[in-house]
Amino acid sequence: MNFCGLDVGTSGVKAVVFDETGKIIAQAEGPYVLELKSDGTRTLEAADLWEKTKTVLRAVAASTNGQIDAVAVSSFGEAFVCLDENDKEISEVMLFTDQRGEKEYFEAMKRSSDLEIAQVCGLPPSMTYSISKILYLKENRQEIYKKTKRMLLIEDFVNYRLTGLAVGDHSVACRTMLFDVHKREWSSTLFEKFDVDKSKFSQMVYTGTVIGTLRKEAAKQTGLPENLKVIAGGHDQPMAAVGAGAGIYGTVCGMGTSECMTPVFRGAIPAEVTLESCMSSEPMWADDIYCSLAYNVTSGLSIKWFYDVFASESAKPPYALFEENLPKKPTKIMVQPYAMGSGTPYNDHKARFAIIGTDAGTTRYDIYKAVMEGLALDGRLNRDALKTGSVEVDGLVCVGGGAQSRPWLQIKADVLQAEVKTLECKEAGALGCAIVCATALGCYDSIEQAGGAMSRIKDTFEPDKSNKAFYDEKYELYKQLHGDLAKYSGFAARLG
């Protein structure tokens with residue numbers, strides 16, 4: 001059997017077809033246009049997203065002569081698509097970084113509390129979730145909100161276009177701040193408190209549920225067979241965790257524009273710990289299985305910034321230039337790696353990038369290594385925050401573009417003093433979808449079994465024990481850095 005993982009990201013969509021052993025047999029990708037404006041709006045067009053999705057599905061259908069048995073979607077979270085009674089898209093997709101809705105969010109939170117959100121939703125309260133954008137639309141775009149018959153998250157939007165059924169999964173529902181992660185259902189209490197119409201939202205099911213088969217129109221548009229099964233997938237980071245072996249190899253660490261550690265564990269993190277550490281409990285494929293998202297929002301962006309500033313005139317690819325000249329020893333330079341605000345555990349949108357400890361002998365290669373060390377130290381900070389919720393991160397399985405950097409992976413191993421592994425498959429989110437499909441269609445008895453069979457380790461980086469004492473000392477200083485720099489970050493953020 002063959003399974004298609006459809007990875008719908010913020011900048012483009014990928015379709016990857018795997019056989020039941022996890023081998024890639026076809027793939028295609030299509031970027032879409034993002035609107036990033038100076039006023040803080042961050043959007044894309046839902047119609048463009050769907051057109052690119054059809055394009056990549058047509059490509060893999062042609063490559064496999066339509067021999068695909070099931071498809072599941074991995075999607076970015078927080079965003080949604082509004083459809084009218086004629087199923088036409090009537091609003092742009094506001095990304096999680098879109099700054100609209102702040103005022104509406106804080107006004108609405110007067111009717112709830114941080115503790116209630118943590119207890120019900122398993123989330124640290126934040127205006128980045130869907131609720132702020134929904135409230136913005138309701139208050140400022142009333143003509144759109146009133147015409148909206150369906151408010152579909154990205155996964156259920158694609159599922160709806162494929163099957164005609166408005167169905168998503170629990171993990172994407174969680175990112176709205178309207179979903180009860182313990183009861184696995186929409187929270188009627190929160191819908192009432194926030195005065196949002198629950199009837200506009202999709203049915204939410206467990207990851208791995210068979211939703212249905214393709215509509216005739218979708219089969220015609222994509223070249224896929226009508227009997228192809230559409231399976232409930234999930235939010236992108238949990239699906240990457242499934243693709244990295246469903247937790248059996250360690251905690252997946254997605255290294256892209258942002259960086260996210262996604263441990264899989266049993267039993268939700270206590271609400272009080274969620275509020276203290278900003279660590280969420282996101283529902284996965286079974287009642288007692290959750291994951292958390294411990295992240296740096298600008299990891300890959302920090303590396304790109306460095307290349308743009310320090311390697312713009314290089315004839316070599318930037319990564320080659322810097323990795324060939326990387327200092328062998330750890331650096332004395334301290335970097336706070338928050339190019340546009342921090343992720344967990346601070347969730348501080350004012351935090352800014354900082355470099356401390358340079359002198360007249362410092363080279364750009366020293367700074368490059370220090371940036372990677374700073375990102376690794378931030379990962380260690382998040383690992384310790386997870387420990388407060390009894391979630392252990394013993395080792396990492398790194399995926400994404402950053403995982404191609406062997407020096408960076410070794411730095412991670414040294415800073416964390418833990419094994420760091422990579423996968424043979426570079427498309428962890430799509431592979432997670434294939435694993436879910438293979439389980440749903442009976443090729444494997446469980447997602448864990450399928451993860452162990454279809455996901456394979458490529459390389460393992462062992463920590464250099466001779467660097468332990470140095471990085472332990474540097475980490476103790478790093479833990480104080482955010483507080484020490486708070487006034488300066490606030491000053492920089494105020495000036496833009």
Side-chain angles (χ1 to χ4, degrees), residues 250-251 253 255 259 261 277 294-296 298-300 302-303 305-307 310 319 321-339 342-346 351-388 392-398 402-422 459-486 488-489:
T251 294
C253 179
M255 298 172 65
E259 183 172 335
M261 293 194 300
S277 67
Y295 56 91
N296 180 299
T298 58
S299 174
S302 296
I303 298 293
W305 166 83
F306 183 90
Y307 288 157
F310 292 100
Y319 68 88
L321 172 70
F322 285 94
E323 293 188 359
E324 285 173 10
N325 292 279
L326 201 70
K328 294 194 183 335
K329 292 183 179 180
T331 77
K332 62 185 179 183
I333 303 164
M334 188 74 76
V335 169
Q336 176 170 278
Y338 304 147
S342 78
T344 55
Y346 303 125
R352 288 297 181 267
F353 197 93
I355 303 172
I356 300 170
T358 62
D359 58 30
T362 300
T363 70
R364 56 181 176 169
Y365 307 114
D366 296 323
I367 299 174
Y368 178 63
K369 184 165 187 175
V371 171
M372 292 193 289
E373 288 175 329
L375 290 164
L377 289 164
D378 205 54
R380 183 165 170 174
L381 186 73
N382 275 298
R383 182 181 69 176
D384 283 359
L386 286 163
K387 280 183 183 177
T388 64
E392 295 292 332
V393 177
D394 297 322
L396 297 182
V397 183
C398 291
Q404 309 309 308
S405 170
R406 296 181 70 84
W408 193 356
L409 298 178
Q410 187 60 56
I411 289 169
K412 279 184 178 295
D414 291 352
V415 169
L416 295 170
Q417 283 294 299
E419 279 189 348
V420 172
K421 302 174 181 177
T422 60
D459 291 316
T460 300
F461 295 79
E462 299 287 348
D464 184 342
K465 297 195 183 307
S466 68
N467 290 328
K468 182 180 185 304
F470 181 91
Y471 280 128
D472 284 349
E473 182 180 358
K474 192 168 186 178
Y475 177 59
E476 289 305 312
L477 293 170
Y478 182 81
K479 286 193 290 186
Q480 304 172 46
L481 192 62
H482 175 258
D484 291 344
L485 294 175
Y488 303 100
S489 291

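These values consider heavy atoms only, across backbone and side chains, with no hydrogens, waters or symmetry-generated copies. Nothing fancy with the numbering, it's 1 onward along the sequence.
A donor-acceptor pair under 3.5 Å links the side-chain atoms of Thr388 to the main chain of Ala385, judged by distance alone. Although no hydrogens or angles enter the test, the distance criterion places no donor-acceptor pair under 3.5 Å between the side chain of Asp414 and the main chain of Lys468. A donor-acceptor pair under 3.5 Å is absent between the side-chain atoms of Glu419 and the main chain of Pro463, judged by distance alone. A donor-acceptor pair under 3.5 Å is formed between the side chain of Gln417 and the backbone N or O of Asp464.
Judged as a side-chain contact (heavy atoms from CB on, under 4.5 Å), and not counting sequence neighbours, the contacts of Asp459 are Arg406, Thr422, Phe461.
Taking CG of Leu481 as the reference point, atom OH of Tyr475 lies at 12.5 Å (rounded to 0.5 Å). For the atom pair Asp378 CG and His482 NE2, the distance stands at 10.0 Å (nearest 0.5 Å).
For the pair Asp359 and Lys332, the salt-bridge criterion is met [side-chain N within less than 4.0 Å of a carboxylate O]. Using a 4.0 Å cut-off between charged nitrogen and carboxylate oxygen, Glu373 and Lys412 do not count as a salt-bridge pair. Note on Arg383 versus Asp394: no salt bridge recorded, every NZ/NE/NH1/NH2 to OD/OE distance being 4.0 Å or above.
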Residue pair Ile356, Ile333: steps toward the side-chain contact (heavy atoms from CB on, under 4.5 Å) verdict: CA-CA 6 Å; Ile356 300 170; Ile333 303 164; over 6 Å; no
Stepwise side-chain contact (heavy atoms from CB on, under 4.5 Å) check, Leu377 with Leu381: CA-CA 6 Å; Leu377 289 164; Leu381 186 73; over 6 Å; no
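Side-chain atoms of Asn296 and Ser299 include no donor-acceptor pair closer than 3.5 Å. Under 3.5 Å, the side chains of Thr331 and Asp366 contain no donor-acceptor pair of N or O atoms.
Proximity of Gln336 to Ser489: side-chain heavy atoms (C-beta onward) are separated by under 4.5 Å at one or more points. Here the side chains of Val397 and Thr251 are not in contact, with every heavy-atom distance at 4.5 Å or above. Using a 4.5 Å heavy-atom cutoff, the side chains of Tyr295 and Met261 are not in contact.
Annotation: cation-pi pair Arg364/Phe310 absent, no NZ/CZ under 6.0 Å from the ring centroid and within 45° of its normal.
Applying the ring pair (Phe, Tyr, Trp, His ring centres under 6.0 Å) test to every pair with at least one member in residues 353-380, sequence neighbours left out, gives these pairs: Trp305-Phe353, Phe306-Tyr368, Tyr307-Tyr368, Phe322-Tyr365, Phe322-Tyr368.
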